[in-house]
Protein chains: 2
Amino acid sequence: MGKQRPGSPTLEEVAARAGVGRGTVSRVINNAAGVKDSTRRTVQRAIAELGYVPNLAARSLAGRRADAVALAMTERDWRLFGEPFFSEIVRSVGDALADTSVQLLLTLVRTDAERKRFVEYARGGRVDGVLLMSVRAEDRLPDMLAEAGLPTVLLGRRSGDERVTYVDADNVGGARDAVEHLLRAGRRRIAAVTGPLDMYVTQCRLRGYREALAAAGVDPLPTLVVEGDFTEDSGRRATAELLERHPDLDAVFAASDTMAAGALGVLRAAGRRVPEDVAVIGFDDFTLARHTEPSLTTVRQPLEEIGRTMVRLLLEEFEQPEVAWRHVILRTRLVVRDSA
Amino acid sequence: MGKQRPGSPTLEEVAARAGVGRGTVSRVINNAAGVKDSTRRTVQRAIAELGYVPNLAARSLAGRRADAVALAMTERDWRLFGEPFFSEIVRSVGDALADTSVQLLLTLVRTDAERKRFVEYARGGRVDGVLLMSVRAEDRLPDMLAEAGLPTVLLGRRSGDERVTYVDADNVGGARDAVEHLLRAGRRRIAAVTGPLDMYVTQCRLRGYREALAAAGVDPLPTLVVEGDFTEDSGRRATAELLERHPDLDAVFAASDTMAAGALGVLRAAGRRVPEDVAVIGFDDFTLARHTEPSLTTVRQPLEEIGRTMVRLLLEEFEQPEVAWRHVILRTRLVVRDSA
DNA sequence: GTGAAAGCGCTAACAG
DNA sequence: CTGTTAGCGCTTTCAC
């Protein structure tokens, strides 16, 4: 099987060729200080001539780092992978790591078998740390990794008292802002299309929705809340159901902009005018920001910053292993685009 | 930095605890035959009690495999990552590897720095092989990997005489089928929205388009061909330009279904009736198959099978390193959904 | 069947 | 500044 090509030159051969000791070669390839310039040159020539490439397994074993971190998607439902939310996170994490020597490894953790394999991979020392996206409340993976001493950073938290480092947006406040905006516009029959109810992020956004209604003295009808799964399709289904239950609804708050896009389609197809007749507000801003009319309001979650912060926290975990965990909440922003 | 938790139990400690030699423990964790059942049990208990996890760096170093393969996206333009094409490929490759002990590692190779880092990673022996998606004609990455002795499989080829193992669809034949279908329906003014012209896949689909026109004796107007980049947005732009140049066009052949979706939107917005007034045919079948009306025809590229085949070829490379390269072309299928 | 010993290729600590 | 020396933790002969 494919280990490094047998007969691939080793550090020792480079040393022999350059007429120096192994330590010196090691210093050169690691850009360590304290090597005479001429020696360094000699070694570099030998490296080039031999086409030497360091064996990373040996390097890892000899101590030090794996020089790699994993960004794991723990999603049974693979459809989500294509969602802009994830590609944006991946992009921003990649950007944050671009100028380092750390290789970013995306992994899928869908089934139990994949989970087991990934844990062995990570605990086996092939990565220095792990970033986790979209973790469900009951998922023990973060704890398994963190307890094994692996620096671990979550995107979002699993519950109110998360004991693993995470970055999250102010979901309660963002959702409240959104619904208050609708209320200020005179809407009263406000529906909510939520994410999966077993995710803490969903619970937070739903809470924000309810808090806003309560503060305005609006009765919170349970039938105005429908669960989706963050996909556009679920946004469509949920909205269709809402229209059936409440033909008189005059606004929809969607807990993700992808679902908001689905909601929009259904509302239009049903002959409702947006936003005159019915208003839609979406959480997040990738899909809607690009594709739809300028009359839509969104609560923006700073994805770029989330990715960057995850990386920053991971690097901090490397440097300060004595900190048990850290939490960062990013502020959301209401972006009003009512055509009025 | 985050190597395996210092003080993490080693194989030697397990051996001591179980009262056996290191060799025996090694056999047990590798499920090798030739260990008495009772001994095996004893060792497994010791492993469980200590919470032992094998150090993968040591395992790699001691010979054998990395037990991991990389699936690299060499795309400067990150937008493509979210396209269904890629998520489908990733999913199918993941499925094909699901029952193995091989960890799938997705990597982004966008910039030169990332390319360098990835080559060092792969050549450093951290993976047993590499799968590459969407490689441009001038990209030397596949050669660098293959020459280093790394089993490498491409999705698509860079040119007519690719010297690295690949899986590809019959793009010429598929495109010809598509355009012939339009010709049979009586269309004559057939436009083509292509992918980037520096990609071989684009050249093939364009050739199929031209061959079909030539066979039917239709004049191939150069102005009927516009270059896109496989995104929906480029499909929109290209189609808008085509409508301006040729208000009389009566059919559009899009070199990807994502672009076809964009084309559809623009045609509709321009007041053209599809398919009565103008016909659209898309290559590939993910987006269109799901989201649009049943009156659309597509050339289906078997994505699921492509991913599976890539994995199969990679495993064959592991087992038969004496084969220089292998090529597999998968048949496409015309799926007619004209509402007529 | 099982234990002992010899590395895999590199880093890091220590002499010089 | 640079060479030498110990391992890192595992797999793999090779004896027993």
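As a basis for the values below, the full set of heavy atoms in this structure was taken, side chains included, without hydrogen atoms, waters or symmetry mates. All chains are named by letter (A, B, ...) in the order of the sequence lines, taking the proteins before the strands, and each is independently numbered beginning at 1. From a predicted model like this one, the values you see are computed outputs, not experimental measurements.
- Dashed line: the shortest gap from a side-chain N or O of B/N30 to OP1 or OP2 of D/dT11 is under 4.0 Å.
- Listed nucleotides: D/dT2, C/dC10, D/dG9. Nearest to the side chain of A/R59: C/dC10.
- Here the side chain of B/S92 pairs a donor or acceptor atom with the backbone of B/E88 at under 3.5 angstrom.
- Residue-level contact check: B/V25 touches neither bases nor backbone, having no heavy atom under 4.0 Å from any strand.
- Contact check on A/R65 versus A/D128 returns no salt bridge, with no Lys/Arg side-chain nitrogen under 4.0 Å from an Asp/Glu carboxylate oxygen.
- Rounded to whole angstrom, the span from the CG atom of B/L50 across to the C1' atom of D/dG9 amounts to 14 Å.
- At a cut-off of 3.5 angstrom, counting only N and O atoms as typed in the model, there is no donor on one side facing an acceptor on the other between the side-chain of B/R40 and the base of C/dG1.
- In this structure, the CG atom of A/L56 is 13 Å from the C1' atom of C/dT11, given to the nearest Å.
- Regarding A/R27, its CZ atom lies at a distance of 8 Å from the C1' atom of D/dC1, rounded to whole Å.
- With respect to the salt-bridge test (charged N to carboxylate O, under 4.0 angstrom), the residues A/E138 and A/R158 do not qualify.
- Classification of B/R17 and B/E13 as a salt-bridged pair fails, no side-chain N sitting under 4.0 Å from a carboxylate O.
- Side-chain nitrogen and oxygen atoms of B/T39 include at least one within less than 4.0 Å of the OP1 or OP2 phosphate oxygen of C/dT2.
- Taking 4.0 Å as the cut-off between side-chain N and carboxylate O, A/R136 and A/D139 do not count as a salt-bridged pair.
- Residues meeting the side-chain hydrogen bond (donor to acceptor under 3.5 Å, both in side chains) test with B/R126, sequence neighbours left out: A/S60.
- The CZ atom of B/R123 sits 13 Å away from the P atom of C/dC10 (whole-angstrom rounding).
- Protein atom CZ of B/R22 is 13 Å distant from nucleotide atom P of D/dG7, rounded to whole Å.
- Taking a 6.0 Å sphere around CZ of B/R326, one finds it holds more than 12 heavy atoms contributed by other residues, nucleotides or ligands.
- Note: CD1 (B/I47) to P (D/dG9) measures 16 Å, nearest angstrom.
- Among the nucleotides C/dG3, C/dC10, D/dT2, the one closest to the side chain of A/N55 is C/dC10.
- With salt bridges taken as basic N to acidic carboxylate O contacts below 4.0 Å, none links A/K116 and A/D112.
- In this structure, B/S26 reaches the bases: a heavy-atom distance under 4.0 Å links it to at least one base atom across the strands shown.
- Closest approach to the A/K36 side chain among C/dC8, C/dC10, D/dC1 is made by D/dC1 (side chain taken as heavy atoms from C-beta onward).
- Picking from D/dG9, D/dT11, C/dT11 the nucleotide with the shortest atom distance to the side chain of A/I29 gives C/dT11.
- B/R65 has its CZ atom 19 Å from the P atom of C/dC8, to the nearest Å.
- Proximity note for A/P54 (side chain, C-beta onward) versus D/dG3, C/dC10, C/dT2: the nearest is C/dC10.
- Direction change of the helix axis from one end of the helix from C/dG1-D/dC16 to C/dG16-D/dC1 to the other is 30°, with five pairs defining each end axis (rounded to 10°).
- Side-chain atoms of A/L61 lie closest to D/dC8 of the nucleotides D/dA6, D/dC14, D/dC8.
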